[in-house]
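In what follows, every heavy atom counts, from backbone to side chain, and hydrogens, waters and symmetry copies are set aside.
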Amino acid sequence: MQYAYPCNLIPDREEGEGFIVTFPDVPGAITGAQTREESLFLAEDALVAMLAVYVQQQREIPTPSPVADGQELVAVPPIAAAKLALYTAMREQGITGDALAIRLNLNDSAIRKLLDPDCYSHISQIMRALRNVGRSLVIEDRAA
């Protein structure tokens, strides 16, 4: 799955200036700023933070919808995307955090960090965990 979500960038009519960013596929991921560029920069953080809530609440990660006219695409950073892929694979296969901890010989705290999109983990640890659940990571480069 690609973790890149369309967002709506709406002029902030209440404040009279700036923009509000919302994600139709990820309700609750909302941010905004004075400029379009800053709003899109902050959108990435809002998206990751809300998807981290989905993980904490053990909810399914939403599938991104196609980008509609007037929307912008915001990609989740690679480490967070890898963690979301791990969480999704575990969910699909019914693998608990405790079971993954045993498989990887890690403690519960390390597994919580490994699954938290807001927490830094070394990519090699995430790739090891992904391989353990039968998944792999592919990085794709696209023109902006």
Consider only side-chain heavy atoms of I, L, V, M, F, W and Y, link residues closer than 4.5 Å, and tell whether [X] and [Y] are in one cluster.
X      : Y      : answer
Val48  : Ile123 : yes
Phe41  : Val76  : no
Leu106 : Leu115 : yes
Leu130 : Leu51  : yes
Leu47  : Ile10  : no

- Message: Quick check on Glu60: does its CD atom have over 12 non-hydrogen neighbours (other residues, nucleotides or ligands) under 6.0 Å away?
- Response: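 Not more than 12 within 6.0 Å, no.
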Straight-line distance of [X] [atom1] to [Y] [atom2], nearest 0.5 Å:
X      : Y     : atom1 : atom2 : value
Leu84  : Tyr54 : CG    : OH    : 11.5 Å
Ile95  : Tyr87 : CD1   : OH    : 13.0 Å
Arg135 : Met1  : CZ    : CE    : 10.5 Å
Tyr5   : Ile61 : OH    : CD1   : 6.0 Å
Lys113 : Lys83 : NZ    : NZ    : 9.5 Å
Ile111 : Met90 : CD1   : CE    : 7.0 Å

Can you give the donor-acceptor pairs under 3.5 Å from side chains of residues 98-105 to other protein atoms, not counting sequence neighbours?
residue	atom	partner	partner atom	Å
Arg103	NH1	Asn132	O	3.3
Arg103	NH1	Asn132	OD1	3.3

- Among all residues two or more places apart in sequence or in another chain, which pass the side-chain hydrogen bond (donor to acceptor under 3.5 Å, both in side chains) test with Arg36? Glu72
Does [X] reach the side chain of [Y], with side-chain heavy atoms less than 4.5 Å apart?
X      : Y      : value
Gln2   : Pro64  : no
Arg112 : Ser109 : yes
Val74  : Val21  : no
Val55  : Pro117 : yes

- Of all residues at least two apart in sequence or in a different chain, which pass the side-chain contact (heavy atoms from CB on, under 4.5 Å) check with Ala49? Asp118
- Message: Taking side-chain contact (heavy atoms from CB on, under 4.5 Å) as the definition, give me every residue that meets it alongside Pro78, ordered by chain and number, with sequence neighbours left out.
- Response: Ile139
Could you give the side-chain donor-acceptor pairs of residues 22-33 under 3.5 Å, partners two or more places apart or in another chain?
residue	atom	partner	partner atom	Å
Asp25	OD1	Ser65	OG	3.2
Asp25	OD2	Ser65	N	2.8
Asp25	OD2	Ser65	OG	2.9

- State which residues pass salt bridge (charged side-chain N to carboxylate O under 4.0 Å, His left out) with Glu38; sequence neighbours excluded, sorted by chain then number.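 Scan of Glu38 (salt bridge (charged side-chain N to carboxylate O under 4.0 Å, His left out), adjacent residues dropped) gives none.
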Can you name the nearest heavy-atom pair linking [X] to [Y], along with the distance?
X      : Y     : value
Arg91  : Arg59 : CZ-C, 3.7 Å
Val133 : Ala89 : CG2-CB, 3.8 Å
Ser39  : Phe19 : OG-CB, 3.5 Å

